[in-house]
K.L.:
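Just passing along the structure, written as structure tokens.
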Amino acid sequence: MGIKLGSIIPARPVEIAQLRGQRLAVDGYNLLYQFLASIRQRDGMPLADAHGHTTSHLSGLLFRLSALAAEGLRFCLIFDGKPHALKKRVLDERRDRKIKAQAEWEAALAAGDLVKARTKAQQTSRLTPEMVAEAQELLDALGLPWVTAPSEGEAQAAAMMAAGVVDAAVSQDFDTLLFGAPRLLRNLTVSGRRKLPGRQAWVEVNPEELTLAGAIEATQLSHEQLVDMAILMGTDFNPGIHGIGPKKGLKLLRELGSAEAALAKLGHKVDNLDELRQLFLNHPSVEFAPTWGEPRRGRVMELLCERHGFSRARVGTALEKFTQPPPPMGQQATLGDF
DNA sequence: CGAATCCA
DNA sequence: TGGATTCGG
């Protein structure tokens with residue numbers, strides 16, 4: 001899930017139109033998980049085909065990527081590889097939360113509380129290897145490149161940006177910046193206003209851009225010091241110091257300059273400090289230069305329509321968006337322009 | 001979630 | 001017509 005850095009790192013809103021022509025490295029699990037959690041029916045069940053196989057992730061992937069491809073954005077998906085042994089604690093916690101949510105979902109359904117049921121159902125979301133494999137098959141059929149990282153996908157995306165083969169990383173997690181990605185896009189969706197499942201409430205979710213340079217300027221900390229601050233707060237690889245969040249973490253690093261100094265002052269010890277630092281500053285990655293191709297209509301139709309019962313008309317409309325030229329730059333044409 | 005549809 | 005609601009699989 002990553003680190004809570006939203007309060008101390010500046011974000012600037014970006015328009016989709018400003019991203020035309022850019023190559024974006026998307027955190028694949030992050031994206032599929034969001035679809036799996038959010039594309040659900042009122043009782044909380046995900047979309048499924050006639051055989052009961054979940055299709056929310058495929059629906060989300062096709063319609064999100066086609067809508068953004070129509071705006072001229074190009075995507076490369078990055079999937080996590082083998083998690084580091086130190087991530088076990090986080091993964092175990094995640095699994096336990098899902099088991100608990102499963103029971104609460106069933107209880108809410110039995111009590112007839114559909115709103116609560118949906119919320120709990122979302123928390124049970126689990127991406128299976130089959131779902132990931134089918135999403136990758138869809139990407140192949142769409143002509144979109146993807147790569148599996150040796151370990152953390154966010155580090156792979158950062159390395160690809162450094163190599164100049166993509167222009168930005170797309171993820172909800174701030175960790176991407178700690179892995180050294182110069183530029184991170186969050187909330188990259190099509191529509192702005194989003195209704196909360198509860199009741200009469202909406203939230204604005206607009207795409208925003210964060211940069212490592214912006215984080216460094218705002219905090220007056222180096223990249224290495226930002227990593228030290230995160231280690232004090234707790235990361236996916238270490239539990240952190242109880243009571244240290246973004247505010248105190250920033251203050252400590254500003255005043256003392258390093259995790260060692262901060263730990264000494266707090267009377268705490270982190271045995272594997274250097275190993276933790278290296279996980280962010282020198283994470284393994286592979287060389288990968290993405291290339292983009294045309295969608296193979298037959299393959300997409302076979303996968304989505306024949307195998308999973310998607311509407312041929314809806315899939316056809318989505319496919320056209322990959323080949324249609326993007327609208328011209330600048331403000332949208334209105335009737336007044338004619 | 002995005003697309004399609006509904007309706008003041 | 002566009003904001004709210006429902007559908008999709």
Side-chain angles (χ1 to χ4, degrees), chain A residues 15-17 19 24 26-73 75 77 114-115 117-128 130-132 134-135 137-139 141-142 144 170-172 185-208 295 300-322 324 326-327 332-336 338:
Chain A
E15 301 286 331
I16 302 287
L19 301 173
L24 306 176
V26 185
D27 182 338
Y29 279 98
N30 196 277
L31 187 70
L32 295 181
Y33 185 85
Q34 283 173 46
F35 293 142
L36 188 60
S38 63
I39 304 181
R40 285 176 180 256
Q41 308 170 82
R42 251 191 297 268
D43 63 356
M45 288 292 286
L47 295 187
D49 65 18
H51 308 293
H53 294 120
T54 299
T55 53
S56 293
H57 58 304
L58 298 176
S59 178
L61 199 56
L62 175 73
F63 293 115
R64 167 82 61 87
L65 295 184
S66 62
L68 293 174
E71 302 283 346
L73 281 61
F75 295 98
L77 268 74
L114 281 187
V115 172
R118 198 177 193 283
T119 308
K120 292 300 171 185
Q122 287 180 314
Q123 296 168 2
T124 69
S125 303
R126 218 182 72 81
L127 268 178
T128 66
E130 292 73 24
M131 290 181 202
V132 174
E134 236 175 8
E137 195 181 341
L138 177 57
L139 292 170
L142 291 172
L144 299 178
V170 179
S171 175
Q172 290 305 104
L185 301 173
R186 300 182 73 239
N187 304 335
L188 188 61
T189 60
V190 179
S191 55
R193 246 158 69 104
R194 195 111 279 165
K195 193 183 184 301
L196 293 172
R199 275 182 63 82
Q200 299 284 85
W202 289 263
V203 278
E204 277 284 340
V205 275
N206 291 316
E208 58 184 30
V300 176
M301 288 292 175
E302 191 282 321
L303 170 53
L304 294 179
C305 305
E306 285 164 46
R307 215 185 299 173
H308 291 302
F310 279 58
S311 146
R312 295 187 73 87
R314 283 166 60 92
V315 172
T317 309
L319 279 180
E320 282 174 32
K321 298 184 180 183
F322 285 97
Q324 274 171 1
Q332 251 67 31
T334 62
L335 282 179
F338 290 94

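Worth knowing before you read on, the calculation uses all heavy atoms, side chains too, and leaves out hydrogens, waters and symmetry mates. Everything numeric here is computed off the predicted structure, so don't read it as measured data. The sequence lines fix the lettering, A, B, ..., with proteins before strands; numbering per chain opens at 1.
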K.L.:
For Ile39(A), give me all partners under side chain to side chain contact (heavy atoms under 4.5 Å, CB included), at least two apart in sequence or on another chain.
P.N.:
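If we apply the side chain to side chain contact (heavy atoms under 4.5 Å, CB included) test to Ile39(A), skipping adjacent residues, the hits are Phe35(A), Leu47(A), Ser56(A).
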
K.L.:
Taking all non-hydrogen atoms of both residues, which atom of Asp49(A) and which atom of Thr55(A) are closest, and how far apart?
P.N.:
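So the two residues come closest at N-CG2, 4.0 Å.
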
K.L.:
Please name all residues satisfying side-chain hydrogen bond (donor to acceptor under 3.5 Å, both in side chains) with Glu134(A), sequence neighbours left out, ordered by chain then number.
P.N.:
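So Glu134(A) forms a side-chain hydrogen bond (donor to acceptor under 3.5 Å, both in side chains) with Arg307(A), His308(A).
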
K.L.:
What's the closest nucleotide to the side chain of Arg64(A) if the choices are dG9(C), dG2(B), dG8(C)?
P.N.:
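Minimum distance to the Arg64(A) side chain belongs to dG2(B).
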
K.L.:
Rounded to whole Å, how long is the line connecting atom CZ of Arg40(A) with atom P of dG8(C)?
P.N.:
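Going from Arg40(A) (CZ) to dG8(C) (P), I get 18 Å.
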
K.L.:
In whole Å, what is the span from the CD atom of Glu320(A) to the P atom of dG2(B)?
P.N.:
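Spelled out: CD on Glu320(A) to P on dG2(B) is 20 Å.
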
K.L.:
All N/O contacts under 3.5 Å from nucleotides 3-6 of chain B to the protein, with atom names and distances to one decimal?
P.N.:
{"unit_1": "dA3(B)", "atom_1": "OP1", "unit_2": "Lys321(A)", "atom_2": "NZ", "d": "3.0"}

K.L.:
In whole Å, I'd like the distance from the CZ atom of Arg42(A) to the C1' atom of dT5(C).
P.N.:
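Nearest whole value for this atom pair: 9 Å.
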
K.L.:
Can you name the residues that form a ring-ring contact (aromatic ring centres under 6.0 Å, His included) with Phe63(A), not counting sequence neighbours?
P.N.:
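By the ring-ring contact (aromatic ring centres under 6.0 Å, His included) rule, Phe63(A) matches no residue at all.
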
K.L.:
Would you classify Thr55(A) as touching base, sugar-phosphate or nothing, given that sugar-phosphate means primed atoms plus P, OP1 and OP2, and contacts are heavy atoms under 4.0 Å?
P.N.:
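The answer is sugar-phosphate, as Thr55(A) gets under 4.0 Å only of primed atoms, P, OP1 or OP2.
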
K.L.:
Taking CD1 from Ile39(A) and P from dT6(C), how many angstroms apart are they, rounded to a whole number?
P.N.:
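These atoms are roughly 18 Å apart.
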
K.L.:
Which part of the nucleic acid, if any, lies within contact of Thr189(A), taking any heavy atom under 4.0 Å across all strands shown: a base, the sugar-phosphate backbone alone, or nothing?
P.N.:
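Sugar-phosphate, backbone atoms only, no base.
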
K.L.:
Output the rounded distance in Å from CZ (Phe35(A)) to P (dG2(B)).
P.N.:
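About 7 Å, once rounded to whole Å.
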
K.L.:
Is there, by distance only and without an angle test, a donor paired with an acceptor across the side chain of Gln41(A) and the base of dG9(C) below 3.5 Å?
P.N.:
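Such a pair is found, so the answer is yes.
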
K.L.:
Expressed in angstrom and rounded to an integer, what is the separation of Asp43(A) atom CG from dT6(C) atom C1'?
P.N.:
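These atoms are roughly 14 Å apart.
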
K.L.:
Please report the distance, rounded to the nearest Å, between CE in Met131(A) and P in dG9(C).
P.N.:
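Answer to the nearest Å: 17 Å.
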
K.L.:
What I'd like to find out is whether the side chain of Leu77(A) reaches to under 4.5 Å of the side chain of Leu144(A), using heavy atoms alone.
P.N.:
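With C-beta onward as the side chain, the pair stays apart.
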
K.L.:
Taking only residues two or more places apart in sequence, or in another chain, which ones meet Lys120(A) in a side-chain hydrogen bond (donor to acceptor under 3.5 Å, both in side chains)?
P.N.:
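By the side-chain hydrogen bond (donor to acceptor under 3.5 Å, both in side chains) rule, Lys120(A) matches Glu104(A).
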
K.L.:
For the pair made of CD in Glu306(A) and P in dG9(C), what is the distance, rounded to whole Å?
P.N.:
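Going from CD in Glu306(A) over to P in dG9(C) covers 15 Å.
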
K.L.:
Looking at residues at least two apart in the chain, or sitting in another chain, which of them share a side chain to side chain contact (heavy atoms under 4.5 Å, CB included) with Ala117(A)?
P.N.:
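Listed in chain order: Trp105(A), Ala108(A), Leu109(A).
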
